[in-house]
Amino acid sequence: MKPLSAEAAPGEIAAPEPPPCNFIRDIIAEDVKANKHNGRVQTRFPPEPNGYLHIGHAKAICLDFGLADEFGGRTNLRFDDTNPQKEDKEYVESIKNDVKWLGYQWDGLYYASDYFDQLYEWATKLIKDGKAYVDDSSAEDIRRYRGTLTEPGKDSPYRNRSIEENLGLFERMRAGQYPDGSRVLRAKIDMASPNLNLRDPVMYRILHAEHHRTGNKWPIYPMYDFAHGQSDSLENVTHSMCSLEFADHQPLYNWFIEQLGIFPSRQIEFDRLNLTYTMMSKRKLRQLVEEGRVNGWDDPRMPTLSGMRRRGYTPKAIRNFVQAVGVSRTNGTVELAMLEHFVREDLNRHAPRVMAVLQPLKVVIDNYPENQGEEMDAVNNPEDASAGTRKVPFSRVLYIEQDDFREDPPKGYFRLSPGREVRLRYGYFITAKSVVKNEDGEVVEVHCSFDPATRGGNAPDGRKVKSTIHWASAAHAIDAEVRIYETLFSKENPDEVQEGGNFTENLNPLSLAVIAQAKLEPSLANAPLGARFQFERLGYFCVDPDSKPGKPVFNRTVALKDTWAKVKRSRG
RNA sequence: UGGGCCGUCGACUAAUGGUAGGUCAAGUGCCUUUGGAGCACUUUGUCUAGGUUCGAAUCCUAGCGGCCCAGCCA
């Protein structure tokens with residue numbers, strides 16, 4: 001049965017479709033139905049503040065916040081800041097900013113470092129219960145004793161120290177009496193477990209490092225595994241979503257909660273988002289930034305939320321995309337085309353239309369009076385009548401797109417060519433009469449005639465033209481820099497390299513093209529930073545922060561779908 | 001090679017033992033003052049082999065294929 005939403009009265013908002021099913025929603029719905037935790041739903045988004053958020057994080061954010069919202073629950077933002085060497089305040093600020101930009105507001109704001117005292121106390125309890133011990137082995141010995149994927153590990157020689165000795169040692173670790181790396185606190189579980197995470201995992205390591213929040217208070221820091229589940233538990237998190245690679249950690253997550261007898265948060269793993277022609281590895285994104293292959297974390301080619309924001313993506317488009325992609329436990333890669341569809345869909349509805357000529361070709365209308373001009377009425381957004389109209393100046397000398405004129409038009413080419421009549425959008429019908437060429441034989445000027453009866457773009461005699469092209473009046477146009485982006489990598493999977501190769505070899509040398517002198521209609525002169533437009537027939541563009549008064553810079557967010565390009569391709 | 005997770009149109013994802021459906025992509029047509037947008041239509045799929053069952057994408061067994069795990073990272 002088809003939904004009847006299409007029959008809703010014009011202007012009426014169709015009832016939102018029920019969200020597509022997914023296995024996490026099913027789990028939560030069942031728990032709520034069974035009145036588990038009295039039907040309460042609490043989630044959390046737990047980034048480590050060691051880099052900028054990317055589109056992959058957006059999926060986690062939409063899941064954590066979106067599912068909680070659906071069930072009337074709450075969501076915390078918690079920074080998993082247990083490794084001071086990699087973390088920084090700069091990242092926590094950018095993360096907060098990006099989450100808000102995406103459209104979400106957290107209920108509680110926490111840091112794992114808020115729990116360091118509690119965690120320390122819990123570690124002491126485990127020692128007293130004979131469930132944890134201090135190991136003096138070197139990192140290398142610990143690795144050796146851990147065994148391999150196929151062989152069991154062996155007990156550390158320090159595994160059976162007395163509780164009193166362990167307590168004393170751990171206190172001195174905490175007092176800062178030992179150098180980095182000299183000792184660790186380990187959980188006493190099972191060195192023969194087929195799950196390597198259960199082979200006496202490290203709970204605390206010694207790190208004489210300054211933490212961005214706790215300063216020099218702590219010379220020891222808990223590992224992720226000894227912090228995450230307990231943090232969830234302290235926040236009474238009912239459903240703790242994380243990515244698939246943590247599935248092997250779940251038994252350990254549960255083990256600590258059980259040994260400590262604390263609130264039983266439940267971990268649920270889902271698949272990460274992968275996208276073609278880009279990558280989500282924070283480490284590699286950082287490398288691109290540090291090696292100067294891109295211009296910072298917010299380079300519009302980056303898959304970071306800050307990059308996408310600068311590129312002109314809307315939060316709504318990203319949320320819709322994430323919703324459409326869904327969630328499962330398979331490892332797949334979503335086509336970039338799907339992301340682009342959702343920006344176009346959103347921008348098509350909301351972005352005002354303007355005319356801009358990127359590769360200008362001069363057109364002179366010989367029978368239009370010199371030193372005369374007029375203003376044409378142009379529709380701001382055909383998708384939204386309330387957006388109104390504006391005036392666009394017209395005169396004898398114009399610019400059109402170089403692509404919109406062919407001296408020798410190929411078959412199927414509908415645009416301007418000698419003897420052919422086309423419409424100037426919101427202007428007049430014009431017919432090409434002759435061309436002026438430079439010494440290289442390139443057309444640098446097209447002379448046309450116009451039909452005064454077609455003002456506004458309609459012929460009273462009802463004759464049709466096959467093409468409508470955009471233009472800018474030479475005398476009135478403003479100059480702008482326009483940055484055209486292509487995919488950052490030229491391979492669908494940038495990690496696909498020859499033996500011994502490196503992903504940077506797959507960087508697309510054409511990922512950025514700068515047009516220094518585009519010609520824009522004058523209404524764009526004072527467009528505010530971040531403003532988004534459709535340049536008619538070209539794509540969606542937004543104002544970049546590099547803009548200077550009188551010299552705007554535009555980024556192309558995404559091109560319009562280009563049927564002509566498709567025709568050309570299919571004809572070779 | 002031990003353990004864990006996972007295989008559904010080209011991509012992503014539904015169907016919870018009972019009609020294999022949706023979105024993107026691709027294609028065809030209509031419409032059009034954006035070769036845009038919109039509308040209509042179309043193509044293509046349950047990894048393989050057995051089994052259970054009136055009935056299997058779903059349950060079982062065995063293969064095959066992919067991903068993750070041997071940090072004092074998260």
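All chains are named by letter (A, B, ...) in the order of the sequence lines, taking the proteins before the strands, and each is independently numbered beginning at 1. Bear in mind that the values here come from a model prediction, so they are computed numbers and not experimental data.
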Original post:
Is the ring centre of A:Trp564 under 5.5 Å from the base ring centre of B:G35, and are the two planes under 30° apart, so that they stack?
Top reply: yes
Original post:
How long is the span from the CG atom in A:Asp232 to the OH atom in A:Tyr253, to the nearest 0.5 Å?
Top reply: 3.5 Å
Original post:
Across the strands shown, which category fits A:Tyr204 at heavy-atom distances under 4.0 angstrom: base, sugar-phosphate, nothing?
Top reply: nothing
**OP:** Can you figure out which of B:U34, B:G35, B:C73 approaches the side chain of A:Lys86 most closely?
**Re:** B:C73
Subject >> Watson-Crick or G-U wobble partner of B:G10, both distances under 3.5 Å >> reply: B:C24
Original post:
Just checking A:Val465: base, sugar-phosphate only, or nothing, at a heavy-atom cut-off of under 4.0 Å?
Top reply: nothing
Original post:
Can you check whether A:Arg205 has a side-chain N or O nearer than 4.0 Å to OP1 or OP2 of B:A74?
Top reply: yes
**OP:** Check the chi torsion on B:G17 and let me know: syn if it falls within 90° of 0, anti if not.
**Re:** anti
Original post:
Ignoring hydrogens and angles, are the base of B:G35 and the side chain of A:Arg415 linked by a donor-acceptor pair under 3.5 Å?
Top reply: yes
Original post:
How are the rings of A:Tyr52 and A:Tyr91 set to each other: parallel, tilted or perpendicular (split at 30° and 60°)?
Top reply: perpendicular
Subject >> Ionic contact status for A:Glu235 with A:Arg44, cut-off 4.0 Å >> reply: no
**OP:** Indicate, with a heavy-atom threshold strictly under 4.0 Å, whether A:Arg146 touches base, sugar-phosphate, or nothing.
**Re:** sugar-phosphate
Subject >> Rounded distance in Å - CE (A:Met173) to P (B:C72) >> reply: 13 Å
**OP:** Would you mind pulling out the nucleotide paired to B:G71, Watson-Crick or G-U wobble, both distances under 3.5 Å?
**Re:** none
Original post:
Checking all strands, does A:Ala337 fall into the base, sugar-phosphate, or nothing category for heavy-atom contacts under 4.0 angstrom?
Top reply: sugar-phosphate
Original post:
For A:Lys284 and B:C73, what is the distance between atoms NZ and P respectively, to the nearest whole Å?
Top reply: 20 Å
**OP:** Quick one: label A:Phe321 by what it contacts on the DNA or RNA (base, sugar-phosphate, nothing), any heavy atom closer than 4.0 Å.
**Re:** nothing
Original post:
Base, sugar-phosphate, or nothing for A:Ser138, non-hydrogen atoms under 4.0 angstrom?
Top reply: base
Original post:
For the pair made of CG in A:Leu416 and C1' in B:U34, what is the distance, rounded to whole Å?
Top reply: 16 Å
Original post:
Of all the nucleotides listed (B:G3, B:U34, B:U23), which has the minimum atom distance to the side chain of A:Pro194?
Top reply: B:G3
**OP:** Please confirm whether any donor atom in the side chain of A:Asp248 sits under 3.5 Å from an acceptor in the base of B:G3, or the reverse.
**Re:** yes
Original post:
For A:Tyr110, is the NZ or CZ atom of A:Arg78 found under 6.0 angstrom from the centre of its six-membered ring and inside 45 degrees of the ring axis?
Top reply: no
**OP:** May I ask you to say what A:Lys566 touches in the nucleic acid, namely base, sugar-phosphate or nothing, with a heavy-atom cut-off under 4.0 Å?
**Re:** sugar-phosphate
Original post:
Would you call A:Arg463-A:Asp451 a salt bridge at under 4.0 Å N-O?
Top reply: yes
Original post:
Which one is paired to B:A37, where only Watson-Crick or G-U wobble pairs with both distances under 3.5 angstrom count?
Top reply: none
Subject >> Nearest-nucleotide pick for A:Cys21, side chain only, options being B:G35, B:A14, B:A74 >> reply: B:A14
**OP:** Could you check whether A:Gly332 gets within reach of a base, just the sugar-phosphate, or nothing at all, counting any heavy atom under 4.0 Å?
**Re:** sugar-phosphate
Original post:
Partner of B:A62 by Watson-Crick or G-U wobble geometry, both contacts under 3.5 Å, or none?
Top reply: B:U48
Original post:
Taking the six-membered ring for Trp, are the ring centroids of A:Tyr111 and A:Phe79 within less than 6.0 Å of each other?
Top reply: yes
Original post:
In a check of side chain to side chain contact (heavy atoms under 4.5 Å, CB included) between A:Ile469 and each of A:Ile400, A:Val363, A:Val357, which one passes?
Top reply: A:Ile400
**OP:** Choose from B:G35, B:C72, B:C5 the nucleotide whose nearest atom is closest to any side-chain atom of A:Met223.
**Re:** B:C72
Original post:
Can you check whether A:Arg329 has a side-chain N or O nearer than 4.0 Å to OP1 or OP2 of B:C68?
Top reply: no
**OP:** Mind checking A:Pro251 for me? I need base, sugar-phosphate or nothing, with any heavy atom below 4.0 Å counting as a touch.
**Re:** nothing
Original post:
If you look at every strand shown and take non-hydrogen atoms under 4.0 Å, does A:Thr333 touch a base, only sugar-phosphate, or nothing?
Top reply: sugar-phosphate
**OP:** Could you let me know what B:U16 is paired to, Watson-Crick or G-U wobble, both distances under 3.5 Å, or none if it's on its own?
**Re:** none
Original post:
Looking across every strand, which nucleic acid part, if any, lies under 4.0 Å from A:His249 by heavy atom: base, sugar-phosphate, or nothing?
Top reply: base
Subject >> Separation of B:C12 P from A:Asn320 CG (nearest whole Å) >> reply: 20 Å
Original post:
Between A:Ser328 and B:U13, is there a side-chain N or O to OP1/OP2 distance below 4.0 Å?
Top reply: yes
Subject >> Side-chain N,O (A:Lys561) to OP1/OP2 (B:A25) below 4.0 Å >> reply: yes
Subject >> Length of the CZ-P vector between A:Phe535 and B:A37, whole Å >> reply: 18 Å
**OP:** For A:Asp562 and for A:Glu335, locate the closest nucleotide of RNA chain B by heavy-atom distance; then report the residue assigned to the nucleotide nearer the 5' terminus.
**Re:** A:Glu335
**OP:** May I ask you to verify if any side-chain N or O of A:Thr330 is less than 4.0 angstrom from the OP1 or OP2 atom of B:U13?
**Re:** yes
Original post:
Does a distance-only test, which skips hydrogens and angles, find a donor-acceptor pair under 3.5 Å between the side chain of A:Glu383 and the base of B:G38?
Top reply: no
Original post:
Do A:Tyr204 and A:Phe170 have ring centres separated by under 6.0 Å?
Top reply: yes
**OP:** Round to the nearest Å and state the distance from A:Asn195 atom CG to B:G3 atom P.
**Re:** 12 Å
Original post:
Expressed in angstrom and rounded to an integer, what is the separation of A:Leu53 atom CG from B:A74 atom P?
Top reply: 18 Å
Original post:
When all nucleic acid strands are considered with a 4.0 Å heavy-atom cut-off, which category describes A:Val184: base, sugar-phosphate, or nothing?
Top reply: base
Original post:
At under 4.0 Å between heavy atoms, what does A:Tyr221 touch on the DNA or RNA strands: base, sugar-phosphate, or nothing?
Top reply: nothing
Original post:
Does A:Thr468 put a side-chain nitrogen or oxygen below 4.0 Å from OP1 or OP2 of B:U32?
Top reply: no
Original post:
Tell me: CZ of A:Arg349 to C1' of B:G36, nearest whole Å?
Top reply: 15 Å
Original post:
So, for A:Trp564 and A:Tyr413, is the gap between ring centers shorter than 6.0 Å?
Top reply: yes
**OP:** Please work out if A:Gly412 contacts a base, only the sugar-phosphate, or nothing of the nucleic acid, heavy-atom cut-off 4.0 Å.
**Re:** base
